[in-house]
Structure formats: C-alpha cells, structure tokens
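First up is the structure itself, then whatever we jot down about it.
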Amino acid sequence: MASARMHAMDISHLLNDLNDKQREAVSAPLANILVLAGAGSGKTRVLVHRITWLIEVEKLSPFNILAVTFTNKAAREMKTRIEAMVGMTANNMWVGTFHSLAHRILRAHWEAANLPKNFQIIDSDDQYRLIRRIIREKQLDEAKWPPRQAQWYINNKKDNGIRPKDLPKSYDHFEEMMQSIYSEYETICQKSGLIDFAEMLLRTYETIRDHKDIKEHYQKRFRYILVDEFQDTNTLQYKWLRLLSSPNNNSMIVGDDDQSIYSWRGARVDNLNRFEKDYPDTLTIRLEQNYRSSGNILSAANKLIANNHDRFGKNLWTAAEEGELISLYSAFNDMDEARFIVERIRKWQQDDGRFSECAILYRSNAQSRILEEALIQAGVPYRIYGGLRFFDRAEIKNALAYLNLIRHHDNDSAYERIVNVPPRGIGPRTVEHIRELSRERGQSMWTTTFDVVKEKRLPARATNALNNFLELIEEATLAIADLELAEVIEHVIHHSTLRTYLAKDRSEKGHSRLENLDELVNAAGQFDPDDIDEDIPPLSAFLTHAALEAGETQASQHQDYVQLMTLHSAKGLEFPLVFLAGLEEGLFPHQMSMEDPNGLSEERRLCYVGMTRAMKKLYFTYAETRYLYGQEKMQSPSRFLSEVPEQHIEEVRLRTKVSTPVSKRFHQETSISTASGTSLQVGQQVTHSKFGEGMIVTIEGSGAKARLQVNFGKDVGTKWLMAEYANLTPA
DNA sequence: AACACCGCGTTTTTT
DNA sequence: ACGCGGTGTT
C-alpha cells in the first residue's frame, strides 16, 4: 500500500478537500474500521472516496467490493457519485440495499436456497392479505387475532432468524396461536414460491450459512465490505454481514449512535458495539466536524443529546459562524402555530429565499393536515414527503398483479388480488370454492380455475365469469410476447379493462388514478432492465424493480415547494430553514414512548436528528392547545425545549402581549390567589357569572397577569380567562 | 355490485 | 374528528 503511494500516482483528487479525520478514514489501511459519523460530517463523501481509494490506490477490482445501504435512494446516490469519481461504470461492483443484494444472491443460488427459479416477492401488503386469509381460514375471530399482530410476530421472528420449527412448544394460548399462523404462513409461501422482505434476508443468510462453497465464494469475492447507516441494522442483518466476513477480508462500517431512530422496527444500535468486539483490530474514527449547521444550532443539538446516556460520545463542532439563535414560538393553538410557520415561510421567500429551502418537520403525520390548510390558504406551494409511494398505490398494484399473473400463472397472491378487479362476477363464494379446491389438490388457484370450469363444478354464471377471466389472461399472455415492456403494460391496462373501470370514477381521485396508470406505462418505457439483472426477461426485471423499490415521492428538485415530513423521513436531508413543530409533551416526546427510558432516549435522538437538519435557521414551535382525536387538549411545552440552554433560544414575542420566558413556563402554577383574596387552584370547581359552573384546568402566570383555563362543560366549553377580571368564586 | 352504516384505533417506515 | 375496514342493505 505504501508502495502504491510512492508511485507518481495522482491521489490528490481523493484526499483534497477532506479534513484530517475524513482523510484518515479514506486512506486507512485494509482493516476493519468503524467510522462514527456525526450529523452533517460528510459520511457519504467519505464512503465514496474510500471506495475510489480502494480501486485506485489499493488496486482492488470493483468486483471485490460490496457496499450496503438501507434505501434505494442511498444506493443510487452512492453509485452515481462513485461512477463520477472513478470515471467508469463500476458494473461489477455490488452496491445496493440489504434486500436487493439478498435478492441477487437468491437469484444466483435459487436451488441451494430451496426456491423455485421464478420465486416471487410479496410486499408487506401482500403479506398482510395472506396472513389475514390464514386467520380467516382457521375460523379465528379477526378482532381477537388481528392480522397486523400476527404479521408483526412473524416478521419479528424472521428478523431474529427464528423459524417455526425453532420455536419451543408453548402452552400460552396466544403464543401457540401465533406459532400456528406462522407455521401455516411459511408452508403456503414455500409451496407457492413466495418470499417476503424478511424472508429475503433470512433465506440468504441460511443459504450462505449452510453451503460452504457459496460462503467461501462470497467471502473470497468481497475483499472489502462497506456498510452505511450501521446503527439501523437489525439482528439478522448483522449476522448476515458477519457471515460474509472472514479473516481474509475487511469491513468499514459507518454510523451514528445518536441518529438511531428505528429501534421500534428492530434496529440495534448495539451492533456498533458488537462490531468493535467481533471484528478483530477495529480502528475507530470519529468524524466530528459538521459542515451543515451554524454554531448555535449545533451547540443546542449537542446540549440536547448530552442528556442521553450510553453514547459512544462525540462532540460535533463547526467552523461556521454562530449564526442566528433558534426562535421559539408558543402558539395559542395548532392553527396559530400553522399560521405562524406559514407567515415566516412567506417572509423567507420575500427575502429572496426559495420555498424549497424550507422544511416543516413533525412527529406524527396527523399534524400535517392543519399545516397544509394554512399553506393552501396562503397560497404557498408544498409537498408532503413520504406517505403512499408510487408502487404502493392500489391501482398500480392491481396493474402489476395482472402482469405478475401473466408472467407466472401460479402466483396466487396476484390471482387473489385481481381475479375480480374490475368486478366481473367472480364473487367471494366462487373464489372461496377455488381456494378450497386448490388447497385440496395442492395446485395453484389458476390451475384449479381451469379444472373448475372444465368440470363444471359451479353454476353456469360463475363458470362463465371464470372462463372469461381465464381467456383474458391467456389472451394477454400470447399478445404480449412480441411487445416492448411499455406496450405490454399498456396492453394489459387496456384489455383488463382496468382503465375503463377507473375512468368511470369522475372524481379527482379517479382522475389521479388514471394518471398514475399512465405514469406506470411511462416508467416502464424509461426502465433499464440491466438495473436488475441482464439475464432475466425485461418484464420480470421490471416487476422485481417494482417490488424492491417503492418509487419516490420526493418533490422534483426543480420545483419550488415547501417540504413537509415527519422527523423520521427527514433523516439524511438538510434544509436552510427548518421548523420543528408540535414540541409538546405527549406529542413529542410521544405519549407511547414516554413510559420507558429507552423510548424517551430515542425520542431525544429524533429531536437531535430534526435539529441537525437545519443549516441556517431553526424554529421551535408548540401549541398551548391542540385538537387531538377530535378533542381540544391542553398541551405543555416539550421537555426537550428545557434541555436546550436558554442562551441558544430567543422567544418570538406575541404581537403586543409580553410572554413569559419559556423556562418559567415549564413549571406551571397550580394555584394562585386573586386580588379579592380568594385562592384558586387547578382542579377546583368554580362559578362564573356568565358561564356558570366549571373546573379550573390550567393556571398560567401569577398576580394580575395570571390567566386561567376553565372547563365549563359541554355547552360552553373551555375558556381562557384573566384571573383579575374573571371574578370566579369557589363553587 | 354499489352504497350506507357502525365501530375502532389513532407514532414513527424501509424493503 | 376522521378514516379505514367490516358488515348489512338495496
């Protein structure tokens, strides 16, 4: 390696414009390396430069490198940037998500994996439907045995590498039932050659583990393995990576324990520690210089996250100037909060800022509606990031199900989805009959449908309808043989009457569904089958693409929209102007996370993630009252606000009203005495001359300026009153 | 098959 | 409050 450097090779483009730590990581020896990369510390840059270094300096072939990410977006970005640097298309380098890589391995070793060659992917929606069907067939009460719960149980077991056969016999009723559903689910999937997302990883893991030749092949091939967002790996993903490593290869993992926000879906931050222990001679490098946020924002974020324990410990610093203070706005209610945010965004835009530089971040999706209303009212263009993705839309999934069924007639999952969509007289009874018979005979529903028609087992009407369906699919199968991918999809959408069916719906929704179908045809036209695999038919490649990649919902870069998203979806992004909305106890930190300390720490990390998205200016907002679940609720400021030192915050003053410093407001008064000498306290019953009897809900401030919130019951509702004038008497 | 009504839950999301 | 999914009615 040293000799490589002695040559007159120009490596300046690899190391210039990097700080010392980044350079250390990029040019590190071929060893196991843990890069603790703080928010905005340039980790993608380091990964990309590192890979280029491996190729150009260490002379590794791209063939010998494996780079793993969590999202397709991250994989794509990495690929693009590597290609730009290396100056060639590193086609034989594996860069992808855990799932896409697993899928690739399963395709190559389908026999060893005990899968049919044409195994199909089912997404979580398909999985849910299948589980629901199993529960129904077991004649169980869905209310008592929610499919969601069973789905969670199954995925959780798989994520921990546990098969039904590994489960100990249990006499717990619930456990027993879940086991039997899991077992049945596994049988059906195996029989029909279906794999869900968790299965992709588990099956790959088992295949590699149980086949020495395959294991050695990959261990030898992947001389260097790089993993991004390591704090998000789950147990199985860790074991999966562990299996690929050997004494002859090394790994570089990049992660940030402070940005671990996915423990609820199985991510184990602890894997960072395990790496240090399990991988020999690990070199740990900390990237602590932040290139994103101004000084104030960063210090505030550092102070907040310092309240968490068991951290690896990092101290992010920046060379940037202090910048503006964080502004805090205490809104009267959620509408006021939205109004304020929109007003500030307009101001930003009037000062030559762009809408697309603004992001409104919130804890839960329910918060978006009121923000949207305010944005619409003000005529500010916005986009909601996240939500239903393109390939998840029902109309798209229906069209894809047709294609799946045409491609693989035995795909029962696809069959069930569209056998009666659009409605063609094949009702639940008929489908039930076929399902039943298909199980008895151990053949697919498609094949069974043939039998049912041939044997005339059903009334003429149903038989007829089924026959039409068979003909439709067969006709399409023949017709598409010579068509281009986009034409195939167009043909299917047309002949399945999906399009005319949707066209009947004149509403805006129906209209957008039609547009989505057009977009699907369009997407197929743009699709490059080589992205998946050179060796499989374009249609199969496209279906795989659709299954593995949900499709972007992101606003196009060129359009000027305000970005709305949850804090979770904001990870990895940055914006000049950021609003953190709804900083209220119970909302953020969320009620569901407040009971256990780990939950609370994760909420705090989430807050940290949110704050560190901001480059120039950060706003905190909260509302004193908010509509939640149809009820107006009193809210108190989030504890996270009090964890940020006052020196970093400036309170936005309300119009003419002088507001109490937020630090004082955290400790809410519970009692006061009025000018007339009566003492009032929270929870007390009082009488008002006009509103009648009520109960004091909140007391704010003291003395002459004190405000009271009193609940006068159904007819009058809750009112804010000035203690001085309200003239309340104890009831 | 289309529509109306009822009851329930309601944090976060990728593949 | 609201929307979703399930059931029952026309």
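These numbers come from the heavy atoms of this one structure, side chains and all, not from hydrogens, waters or symmetry mates. Throughout, a chain's letter reflects where its sequence line sits, starting with A, and its residues are numbered from 1.
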Fill in: Where protein sits on nucleotides 2-10 of chain C, one letter per nucleotide: B base, S sugar-phosphate only, - none, heavy atoms under 4.0 Å
S---S----

Fill in: Nearest-Å distance for atom pair CG/C1', residues A:Asp126 and B:dT15
13 Å

Worksheet entry | Under-4.0 Å side-chain N/O to phosphate OP1/OP2 contact, A:Arg389 with B:dT14 | yes

Practice prompt. Would you kindly say whether A:Tyr501 and A:Ser496 are connected by a side-chain donor-acceptor distance under 3.5 Å?
Written response: no

Item to complete: Mind calculating the distance between CG (A:Leu606) and C1' (B:dT13) to the nearest angstrom?
Response: 12 Å

Discussion item. Using 30° and 60° as the class boundaries, would you call the ring planes of A:Tyr262 and A:Trp264 parallel, tilted or perpendicular?
Written reply: tilted

Item to complete: Give the rounded distance in Å between these two atoms: CG of A:Leu567 and P of B:dT13.
Response: 10 Å

Discussion item. Taking the cut-offs as 6.0 angstrom to the six-membered ring centre and 45 degrees off its axis, would you call A:Arg613 and A:Phe575 a cation-pi pair?
Written reply: no

Discussion item. Assuming nearest nucleotide by heavy-atom distance, tell me which of A:Lys504 and A:Glu603 is located more 5' along DNA chain B.
Written reply: A:Lys504

Item to complete: Tell me which nucleotide among B:dA1, B:dT13, B:dT15 gets nearest to the side chain of A:Asn72.
Response: B:dT15

Discussion item. Regarding B:dT14, can its base be found pairing with the side chain of A:Ser124 as donor and acceptor, where the two atoms are less than 3.5 Å apart?
Written reply: no

Fill in: Rounded distance in Å between the C1' positions of C:dG5 and B:dT12
23 Å

Fill in: Spacing of A:Leu388 atom CG relative to B:dT13 atom P, expressed in whole Å
12 Å

Discussion item. Nearest whole Å is fine: how far is C:dA1 P from A:Tyr627 OH?
Written reply: 9 Å

Practice prompt. Using modelled atom types only, decide if a donor and an acceptor are shared between the side chain of A:Ser192 and the backbone of A:Ile188 within a distance under 3.5 Å.
Written response: yes

Worksheet item: Taking the side chain of A:Arg265 as heavy atoms from C-beta outward, which of B:dA2, B:dT15, B:dT14 is closest to it?
Response: B:dT14

Worksheet item: Ignoring hydrogens and geometry, is there a side-chain-to-backbone donor-acceptor pair from A:Arg268 to A:Ser263 under 3.5 Å?
Response: no

Item to complete: Indicate whether A:Phe70 forms a stack on B:dT14; treat it as stacked only if centroid distance is below 5.5 angstrom and interplanar angle below 30 degrees.
Response: no

Discussion item. Pick the closest DNA chain B nucleotide for A:Pro422 and for A:Asn365 by heavy atoms, then say which residue is nearer the 5' end.
Written reply: A:Pro422

Worksheet item: Are A:Arg148 and A:Tyr128 in a cation-pi contact, defined as NZ or CZ under 6.0 Å from the six-membered ring centre and within 45° of the axis?
Response: yes

Worksheet item: Do any side-chain nitrogens or oxygens of A:Thr97 fall under 4.0 Å of OP1 or OP2 in B:dT14?
Response: no

Item to complete: May I ask you to decide whether A:Arg626 forms a salt bridge with A:Glu584, counting only side-chain N to carboxylate O separations under 4.0 Å?
Response: yes

Discussion item. Nearest to the A:Thr71 side chain among C:dA1, B:dT14, B:dT13, which nucleotide is it?
Written reply: B:dT14

Worksheet item: A:His590 NE2 to B:dT10 P: how many Å, rounded?
Response: 10 Å

Worksheet item: Base, sugar-phosphate alone, or nothing: which one does A:Gly425 contact when heavy atoms must sit under 4.0 Å apart?
Response: sugar-phosphate

Worksheet entry | Any A:Asn420 side-chain nitrogen or oxygen under 4.0 Å from OP1 or OP2 of B:dA1 | yes

Worksheet item: Given atom CG of A:Leu587 and atom P of B:dT10, what is their separation to the nearest angstrom?
Response: 16 Å

Item to complete: Report the distance from atom CZ of A:Arg148 to atom P of B:dT12, rounded to the nearest whole Å.
Response: 13 Å

Worksheet item: Taking everything shown except A:Glu137 itself, do over 12 heavy atoms lie less than 6.0 Å from its CD?
Response: yes

